[in-house]
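Some notes on the structure that comes next.
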Amino acid sequence: MKNKTFYITTTLPYVNAEPHIGFAMEIIRADIIARWKKLLGYDVFFNTGTDEHGLKIYRKAQELNIPVQKYCDEAAQKFKDLTNMLGISPEVNFIRTTDPHHIAAAQEFWKRVDKGGFIYKKNYSVKYCVGCELEKTDSELINGRCPLHPLQDLEIIEEENYFFKFSVFQQKLLDMYEKNPSFVLPDFRFNEIKAFVKRGLEDFSISRLASKMPWGVVVPRDESQVMFVWFDALINYISSTGWPDCVADFERRWVNADGVVQYCGKDNLRQQSAMWQAMLMAAGLPNSKTIVIDGFITGEGGVKMSKSLGNTVNPLKIVTQYGKEALRYYLAREVSSFEDSPFTMEKFKEAYNAGLANGIGNLVSRVMKMAQDNLEAPIKVPVSVGDATSGAIPDDFKAAIERFDIHAASNIIWQHISEADHIIQDRQPFKLIKTDKVAAQGIIRDLCVRLFVIAQMLGPILPDTSGTIKELIKTNKTPATPLFVRK
RNA sequence: CGCGGGGUGGGGUAACGGUAACCCGUCAGGCUCAUAACCUGAAAAUUGCUGGUUCGAUUCCGGCCCCCGCAACCA
């Protein structure tokens with residue numbers, strides 16, 4: 001029998017800035033789901049990568065006075081390194097929008113959309129601030145003026161661009177939403193995008209003049225234009241599967257997959273759940289199946305993180321200080337699955353001590369010490385540790401993770417940890433062993449089984465810790481050093 | 001009347017028609033298998049304000065106040 005397949009992707013971070021905690025959260029969550037599905041026996045295709053075209057990157061490289069490609073190569077390497085540092089599944093697919101295959105795919109995609117009659121040319125006027133030397137959008141302006149240079153009049157630059165007929169997809173999108181009642185999660189985000197589409201859609205420009213900004217995918221049959229970075233970047237979700245060359249892979253990984261999940265932050269709601277879906281429709285390709293929207297990690301007091309406020313958090317620094325499992329723990333358990341959540345180093349340390357050092361770490365030490373000293377042999381554990389259907393994993397945990405509520409799923413694990421601590425306190429096997437060895441051994445074996453179940457659930461979230469615990473149970477050893485040293 | 005999210009003990013969150021649960025912190029006690037860990041108990045919330053529905057609302061409805069995103073090409 002052929003394995004069921006599952007597709008999951010993050011958005012591709014734009015390489016004009018250092019990796020930030022928000023993206024770390026997104027990719028860790030996607031990884032948790034990917035690992036979970038793998039545990040269930042799915043053939044999982046897990047995609048991430050880097051978005052490398054566009055004006056901002058072009059300018060950034062110019063500022064640094066290095067070739068754009070070189071800048072992108074270095075930046076992409078940084079994000080690749082990040083995936084290792086965060087303990088992301090090693091088999092993750094890493095796509096770069098500058099990969100030749102992706103570029104070819106983007107051009108093929110364009111051709112199909114064009115063939116369908118959804119691309120046309122028209123004048124596009126850009127508001128340009130000479131002071132900033134940047135194009136400005138209306139939302140950036142205050143009273144129609146650049147807030148940084150309010151005395152200067154904005155220049156209006158007219159250029160001819162290609163546009164995508166987004167407007168004609170309003171009803172098709174609404175119909176698609178209707179047919180897929182959980183297309184966007186959580187539901188309040190789904191409502192938001194529905195309301196947005198109902199208000200009416202405007203066509204958007206999808207190219208730029210190559211003479212002004214050459215760093216992009218060349219438009220087929222018109223070398224004077226390059227694709228606007230959004231358009232090309234979104235296509236990665238299918239070019240990564242092999243489309244259009246390997247149709248078989250595309251069909252297996254995307255078209256016929258049992259799940260096609262796109263994880264993204266709330267700032268990406270429109271792009272993922274409306275624009276990209278319309279683009280797929282225009283190219284005659286099947287839609288995604290689920291879009292999961294994360295909240296933001298904020299600074300103290302719910303304030304937005306920003307460099308100017310100095311409240312940003314570097315995920316690599318945390319990994320260096322506390323380890324990747326600690327960061328994964330925090331992002332899974334302490335951060336709301338769908339709403340904004342604050343982050344401070346103080347909170348992080350508290351959570352680390354409470355959940356990891358005092359929680360799972362301490363429990364492993366106390367249970368395995370008793371087991372090592374009082375059991376003649378390791379307990380028998382389910383042979384196939386990867387078999388999540390064996391009944392070892394509680395149903396409520398399964399349900400929570402299946403609805404992408406990683407926070408709730410994590411809480412269930414820690415309930416089990418607390419329960420085990422209570423059992424030790426109430427039944428005192430360490431004392432009972434002196435008077436009724438058989439009974440005490442029974443309790444200790446039961447505790448080992450409970451610990452094994454906990455390790456099973458921990459698998460997708462803290463893969464290393466899960467493996468370590470299982471190994472200790474199998475060899476009936478207490479850890480030589482604490483799993484998580486108290487900080 | 002642009003759209004959406006939120007206001008719950010000192011901090012962070014949960015619940016959701018029947019007087020509030022959890023984590024951190026504080027205080028007192030217990031245990032000794034364990035990482036100054038673990039367990040028990042205590043102090044601490046009129047659940048933003050205000051009307052209404054109801055036998056009963058934190059939970060439903062209306063009004064108001066405040067905070068935060070988004071408001072289209074911000075990749």
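For the numbers below, each heavy atom of this structure counts, side chains included, while hydrogens, waters and symmetry mates do not. Remember, it's a predicted structure, so these values are computed and weren't measured experimentally. First the proteins, then the strands, lettered A, B, ... as listed; each starts at 1.
Here salt bridge (charged side-chain N to carboxylate O under 4.0 Å, His left out) pairs that include residues 407-425 of chain A, with residues two or more places apart or in two chains, are A/Arg366-A/Asp421, A/Glu419-A/Arg450.
One atom, CD of A/Glu334, and another, P of B/rC23, lie 11 Å apart when rounded to the nearest Å. If you measure from atom CG of A/Leu269 to atom P of B/rA71, you get 11 Å, rounded to the nearest angstrom.
For the segment residues 410-422 of chain A, the set of residues with a heavy atom within less than 4.0 Å of an atom of RNA chain B comprises A/Asp421, A/His422, in numerical order.
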What side-chain donor-acceptor pairs closer than 3.5 Å can you find for residues 181-201 of chain A, not counting sequence neighbours?
residue, atom, partner, partner atom, Å
A/Arg189, NH1, A/Glu192, OE1, 2.9

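Partners of A/Lys349 according to the side chain to side chain donor-acceptor pair (under 3.5 Å) rule, which considers only residues two or more places apart in sequence or in another chain, do not exist here. Shown here are the ring-ring contact (aromatic ring centres under 6.0 Å, His included) partners of A/Tyr352, two or more places apart in sequence or in another chain: A/Tyr322. Listed by chain and number, the residues in a side chain to side chain donor-acceptor pair (under 3.5 Å) with A/Ser466 amount to none (sequence neighbours excluded).
Taking every side-chain heavy atom of A/Lys369 into account, B/rA34 is the closest of B/rG69, B/rC74, B/rA34.
Closest-nucleotide positions on RNA chain B for A/Ile206 and A/Lys434 were compared, and the one nearer the 5' end corresponds to A/Lys434. Closest-nucleotide positions on RNA chain B for A/Val485 and A/Ala233 were compared, and the one nearer the 5' end corresponds to A/Val485.
By the 5.5 angstrom centroid cut-off and the 30-degree plane limit, A/Phe204 is classified as not stacked against the base of B/rC73.
The side chain of A/Asn358 contributes an N or O atom lying less than 4.0 Å from OP1 or OP2 of B/rC38. Residue A/Lys431 has no polar side-chain atom (N or O) positioned under 4.0 Å from OP1 or OP2 of B/rC33. Taking only side-chain nitrogens and oxygens, A/Arg486 never comes nearer than 4.0 Å to OP1 or OP2 of B/rA36.
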Could you please spell out the steps behind the side chain to side chain donor-acceptor pair (under 3.5 Å) verdict for A/Asp405 and A/Ser337? CA-CA 6 Å; A/Asp405 197 341; A/Ser337 297; 2.6 Å; yes
